[in-house]
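Residue numbers start from 1 in every chain, and the chains themselves are labelled A, B, ... in the order their sequence lines are given, proteins ahead of strands. No hydrogens, no waters, no symmetry mates; every other heavy atom, side chains included, goes into these values. Not measured: the values here are computed from a predicted model.
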Number of protein chains: 2
Amino acid sequence: MSKQHILEAAAQIFSQKGYHATSMQDIANAVDLKKASLYHHISSKQEILLALLDRALDMVIEQVSDALRIDAPYPDKLRRAMYTYLETLVENSALSAVLLLEYRSLEAQQFTNHVARRDRFERLWRDLIQAGVDEGIFRCHAPGQATRALLGMMNWTITWYRPDGPSTPQEIADQYAGLLLNGFLTREVAQ
Amino acid sequence: MSKQHILEAAAQIFSQKGYHATSMQDIANAVDLKKASLYHHISSKQEILLALLDRALDMVIEQVSDALRIDAPYPDKLRRAMYTYLETLVENSALSAVLLLEYRSLEAQQFTNHVARRDRFERLWRDLIQAGVDEGIFRCHAPGQATRALLGMMNWTITWYRPDGPSTPQEIADQYAGLLLNGFLTREVAQ
DNA sequence: CTCTCCCTACCGACCGGTCGGTAGGGAGAG
DNA sequence: CTCTCCCTACCGACCGGTCGGTAGGGAGAG
């Protein structure tokens, strides 16, 4: 038995039931321990949540930062980052759901810290869009708003994506990038 | 004291703390009753949640359906619907947050019913996009995916929109509609 | 090799408190 | 009197977490 095992089990249950609807007994059951034994490995329920959120945020920051390092035209770079982010979300669906839906249950100080870190993740995207604008490749007078739109559509996938669904993460990311880059208004109408 | 008053207070607290982190004592405090007195007006915590979700869904369905009745070109219709939906979300931010984040806490049968109704709401959007495609105004080979993207960016506004922020709902809706219709790739690059 | 001491990992029992909800009753209005 | 609305006192179940203790194993000394 290890702390890792407990964290993984907790992520699964938190993502399904939510943090507050998950009891320590639930987690204990999932790892075949008695509840009291959990406290040998972790100090509190809140420690579990914080550890999961930190891990999730580290993960997406790392993945997207790597993706942004490719030397490619901005549209391709955007596609690449979106695909990477989506792939990361769906490959780690429990952790992602906790990241995107359960951070509200952090206690005040941790919450503030977490939000600040999350905002830096958003900045990665915003900087990418801004750089594309500066180069004249993207035309967008509110990169912040475009960032929120992008992250909104990506993040919301956690509510509906199923691995056995009809579309792969690559397909979804392509479609979403296509929407953001080209829109779906036909050319004749746009002119 | 009325059931309405209790529901309104509950919506506020649920939206801030989440359903499970909200106690009946919290709600009683908010309406200046003793906890036991709540049960004169409502039968259970779950009844509160269900009532709020039903109300929220009725609200957005009604608003967006109305908006879709305008006789206008598809792009304008889409803009109109997006603005209306966003306006509805932000004008009823507590209820909206409950709708979008707390439905998971419904018990099984109610959850199934709710999801079916929510899917019909999504259908409104999908049908709009599909109609635009059929008329050759929109070019999109996965209207379902476009719908999810659209709803994702709109729904995610509940996590960041603030009434004292720099953008009005009209501005945000315009920007988002612009993104979806035109994309942000500049014309020279697109060709 | 045996023995002692320490550690890790776990347990049963328990803690104080909170949860959603109920039974029974009272006050006030009409 | 009835009815509506509220209350007190309470319930069983459960919550996150603590405490004292044990089993099993390993390291080191003799």
Give a yes or no on whether the backbone of A:T168 and the side-chain of A:E171 come within a donor-acceptor separation of less than 3.5 Å.
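It does hold such a pair.
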
Intra- and interstrand pairs of DNA chain C - dot-bracket, Watson-Crick/G-U under 3.5 Å, | marks other strand:
||||||||||||||||||||||||||||||

Can you say whether a donor on the side chain of A:K45 sits under 3.5 Å from an acceptor on the base of D:dG17, or the other way round?
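Counting by modelled atom types and ignoring angles, no donor-acceptor contact under 3.5 Å is found here.
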
What contact category does [X] fall into here, base, sugar-phosphate, or nothing, at under 4.0 angstrom with non-hydrogen atoms?
X: A:L33; result: sugar-phosphate
X: B:S44; result: sugar-phosphate
X: B:S37; result: base
X: A:S2; result: nothing

Both B:A36 and A:K34 contact DNA chain C. Which one's nearest nucleotide lies toward the 5' end?
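Here A:K34 is the residue nearer the 5' end.
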
Which nucleotide in the list [options] gets nearest to the side chain of [X]?
X: B:Y39; options: D:dC7, C:dG21, D:dG17; result: C:dG21
X: A:K35; options: C:dG21, D:dC6, D:dG16; result: D:dG16
X: B:H40; options: D:dG17, C:dG20, D:dC5; result: D:dC5

How close do A:L53 and A:L99 get, heavy atom to heavy atom, and via which atoms?
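Distance-wise, the nearest heavy atoms are CD2-CA, 3.5 Å.
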
Would you mind listing every salt bridge (Lys or Arg N to Asp or Glu O under 4.0 Å) that reaches into residues 104-113 of chain B, with sequence neighbours excluded?
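Listed by first then second residue: A:E102-B:R104.
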
I'd like a table of donor-acceptor pairs (distance under 3.5 Å, sequence neighbours excluded) in which one partner is a side-chain atom from residues 90-97 of chain A, with atom names and distances.
unit_1, atom_1, unit_2, atom_2, d
A:N92, ND2, A:T88, O, 2.9
A:S96, OG, A:L89, O, 2.9
A:S96, OG, A:N92, O, 2.7

Side-chain touch A:Y161/A:S167, heavy atoms, less than 4.5 angstrom:
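They are not in contact (no side-chain heavy atoms under 4.5 Å apart), so the answer is no.
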
